[in-house]
Amino acid sequence: MSVARHALQRPRAARAERRLEIDGLRAVAVLLVVVYHIWPRRVSGGVDVFLMLTGFLITGSLLRDEHVRLWAFARRLARRLLPAAGLTLLGVLVGTVLILPKTRWDATVAEVVASALYYENWQLAFSAVDYLSSGGAVSPVQHFWSLAIQGQFYVIWPVLLLLARRRLPVFVGLMAAVFVLSLAYSVFRTATDQAWAYFDTGARLWELALGGLLAVALPFLKVPKPVRVVLGWLGLAALVACGLVLQVSTSFPGYVALWPTLAAAAVIVAGRAGGADRLLTLRPVLYVGRISYALYLWHWPVFVFYLVATDRTAASWKGILLILAASLALAAVTTELADRTGQWGPLLLAPALAGAVVVSFLPRPGDGITPAPALAAEDRPRSYEDGCAQHPRDAEVLVCRYGAQNPDKTIALVGNSHAAHWLPALELLGEENGWQIVNITKGACALSTTVQLYKGKPQPTCDQWQEGVLAELREIAPDLLITTATESSEWERGENMPAGYPERWRQLGAMGIDVLAIRDTPRMGFDPPECVETKGPAACVAPRSLSLAERMPTAGRIPANVTIADFNATFCPGDRCPSVIGNTMVYSDNGHITATFMRSLAPALEKEVLRALAGGQANPKR
């Protein structure tokens, strides 16, 4: 027997006895997750502990096998994990139909499927960076992202061991490489795009690798009992304190996630030393540890359904107690059912997937409103379907042409998403007048020389993109360029015209390009489709003053090549901005206009385009 084979057997001997304090650690981790989800909504570190424990336990399990039998390994995992997940997803689908507004059905169904197939983390990663969906309501299954990462880990780790040919030194080297590379990537990605990094498997693998390295090292660690007692208490105290100190919104999962993972590792190294383990092995704590998986699965959908059912944004104290009680009861029942399902338990995912298909085909009538509120979020300009609306983090200039192929006039639509939502009206005008519409738009990037922010950070790709846009415009030489004239805002700064707007317009004037600058449209301060779905149109009205100035702001003298247009008298008759006008849903979200309503503005827009093509200026005083 080789030295490597001897080394592989060491962890098996060391783990022959069940480590009850690990069940207690699970209990602490899940309670931290639950409490911080439904109360202060800060990071608990509990999920990071679960990831580290997964790496620790799975690595130990693989090393104890004489041979890596992938099918047997997968079957054991499926029996342990899928029954509870399937039951939870079925419950979520029932709750979705009974409690959630229809505006949220499609997104929830998509995430139920992603959760069942273990790619929910990527579903959320792309949603988090999707400019038009980043402000959406939370999903009742978004917590499945961590389970998706674990599912992907279950595929990667056995393959890694096979690549190492079960030689422990090689396997340790591979795990160490994963740890170092993933942690470095996590630090970098968290600093540059935290919303993406939070769900990125590559930015999380180091936490699982840390657990794997601990599983290999633990049998060789000879720590005196007094030191282990101190380690246990320090680790437990550090884990509990994590959520009180760290901010999830800016720091996780980079190097800061070492705090909860190393704290949990300290508890594991401490073992049964007569210290913190005494607390962790109390019978009630061990019971919570036993149902911790199901408790993690249920607490979040119960919380989300509670908020929707009570029309609250946060739980009251009574609500918190109700959520905890319901979650514990569901977790206990689910754990019992999952334990009894045996061989056919994994098949519960099939009804969940079938249920998702059924819900996706349920009707979404809109009580005479077009588009139906439940479908408004998808009623967007064609440029989004065509992949021609550039994402905020990318700099490539995407150019799409609509309308006439041999046009009488060429009109360029350039700017951010509030410029892009005029495309449906311009498409109609292009077809009627023989114009070609050139769409060049990018999320969160207005046509301006001012440095622009995306999610609070400077956006260098915006400057790079605009340089490319100017080059394209020199080639295209449009007869008219349409863009936004102001920025509406529901925050303290209100509506404004950044100085970079007229500066960019002057640059376009030097290129011989005339500009039609359209005053920005209102923002509502809430989600109009969901409001209309749940409360009716009459209740879903915002004051004009929320995001628009009394008079259109300007930044100095408007250049001679610029014509200003203002359609906000249509969006906000008087001093109120309704969500529905003439049975048409105006907004697809808080601040973007539906394609259907925009097409109704084509005649009014045509007048302004013709005025600008005729030399315009004579800008009305607003």
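These numbers come from the heavy atoms of this one structure, side chains and all, not from hydrogens, waters or symmetry mates. Along the sequence shown, residues are numbered consecutively beginning with 1.
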Is any side-chain heavy atom of [Y] closer than 4.5 Å to one of [X]?
| X | Y | answer |
| --- | --- | --- |
| Leu218 | Ile268 | yes |
| Asp527 | Arg104 | no |
| Leu89 | Leu93 | no |
| Trp206 | Leu258 | yes |
| Glu378 | Asp106 | no |
| Tyr306 | Ser316 | yes |
| Arg283 | Tyr287 | no |
| Leu168 | Leu63 | yes |

Side chain to side chain contact (heavy atoms under 4.5 Å, CB included) for Asp48 and Trp259? Distances and angles first, verdict last.
CA-CA 9 Å; Asp48 305 275; Trp259 181 329; over 6 Å; no
[X] (side chain) donor-acceptor with [Y] (main chain) under 3.5 angstrom:
| X | Y | value |
| --- | --- | --- |
| Trp300 | Ser139 | yes |
| Asp339 | Leu337 | no |
| Arg19 | Glu21 | no |
| Asn121 | Asp200 | no |
| Arg79 | Ala338 | no |
| Thr190 | Val187 | no |
| Ser61 | Ile58 | no |
| Ser115 | Glu111 | yes |
| Ser186 | Pro253 | yes |
| Arg189 | Ala197 | no |

Please report the closest heavy-atom contact between [X] and [Y], naming both atoms and the distance.
| X | Y | answer |
| --- | --- | --- |
| Pro365 | Ala372 | C-CB, 4.2 Å |
| Ala315 | Leu307 | N-CD2, 4.0 Å |
| Val112 | Ala356 | CG1-CB, 4.3 Å |
| Pro371 | Asp379 | CG-OD2, 3.4 Å |
| Gln123 | Ala114 | CB-CB, 3.9 Å |
| Leu239 | Gly45 | CD1-O, 4.5 Å |

Which distance, rounded to the nearest 0.5 Å, do you find between the [atom1] of [X] and the [atom2] of [Y]?
| X | Y | atom1 | atom2 | answer |
| --- | --- | --- | --- | --- |
| Leu375 | Ser588 | CG | OG | 12.0 Å |
| Arg76 | Trp71 | CZ | CH2 | 12.5 Å |
| Leu328 | Ile291 | CG | CD1 | 5.5 Å |
| His37 | Ile323 | NE2 | CD1 | 12.5 Å |
| Leu147 | Glu120 | CG | CD | 9.5 Å |
| Leu330 | Thr335 | CG | OG1 | 10.5 Å |

Assess whether side chain to side chain contact (heavy atoms under 4.5 Å, CB included) is satisfied between Leu208 and Val178, documenting all intermediate values.
CA-CA 9 Å; Leu208 296 126; Val178 170; over 6 Å; no
Between Tyr296 and His143, how do the two ring planes meet: parallel, tilted or perpendicular, split at 30° and 60°?
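Tyr296 and His143: tilted rings.
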Please say whether more than 12 non-hydrogen atoms of neighbouring residues, nucleotides or ligands are located less than 6.0 Å from CZ in Arg278.
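No, because the 6.0 Å sphere around CZ of Arg278 holds 12 heavy atoms or fewer from other groups.
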Would Tyr293 and Leu81 count as a side chain to side chain contact (heavy atoms under 4.5 Å, CB included) if you check the C-alpha gap in whole Å, the side-chain angles of each, and the deciding distance to 0.1 Å?
CA-CA 8 Å; Tyr293 175 54; Leu81 301 176; 3.8 Å; yes
Aromatic Tyr198 / basic Arg204 pairing, under 6.0 angstrom, 45° off normal
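Judged by the rule (NZ or CZ under 6.0 Å from the ring centre, within 45° of its axis), Arg204 counts as positioned above Tyr198.
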Can you tell me if Trp105 and Thr96 form a side-chain donor-acceptor pair at under 3.5 Å?
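Their side chains do not contain a donor-acceptor pair, so the 3.5 Å distance test is not met.
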How about Glu533 and Thr103: does a side-chain donor come under 3.5 Å of a side-chain acceptor?
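On atom types as modelled, these side chains do not qualify, holding no pair under 3.5 Å.
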Going by side-chain contact (heavy atoms from CB on, under 4.5 Å), Leu280 matches just one of Leu236, Ile22, Leu286, Leu20. Which one?
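Checked Leu236, Ile22, Leu286, Leu20 against Leu280; only one passes side-chain contact (heavy atoms from CB on, under 4.5 Å): Leu236.
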Go through the steps for Trp196 and Arg393 under the test side chain to side chain contact (heavy atoms under 4.5 Å, CB included), then give the verdict.
CA-CA 11 Å; Trp196 176 276; Arg393 69 180 181 186; 3.8 Å; yes
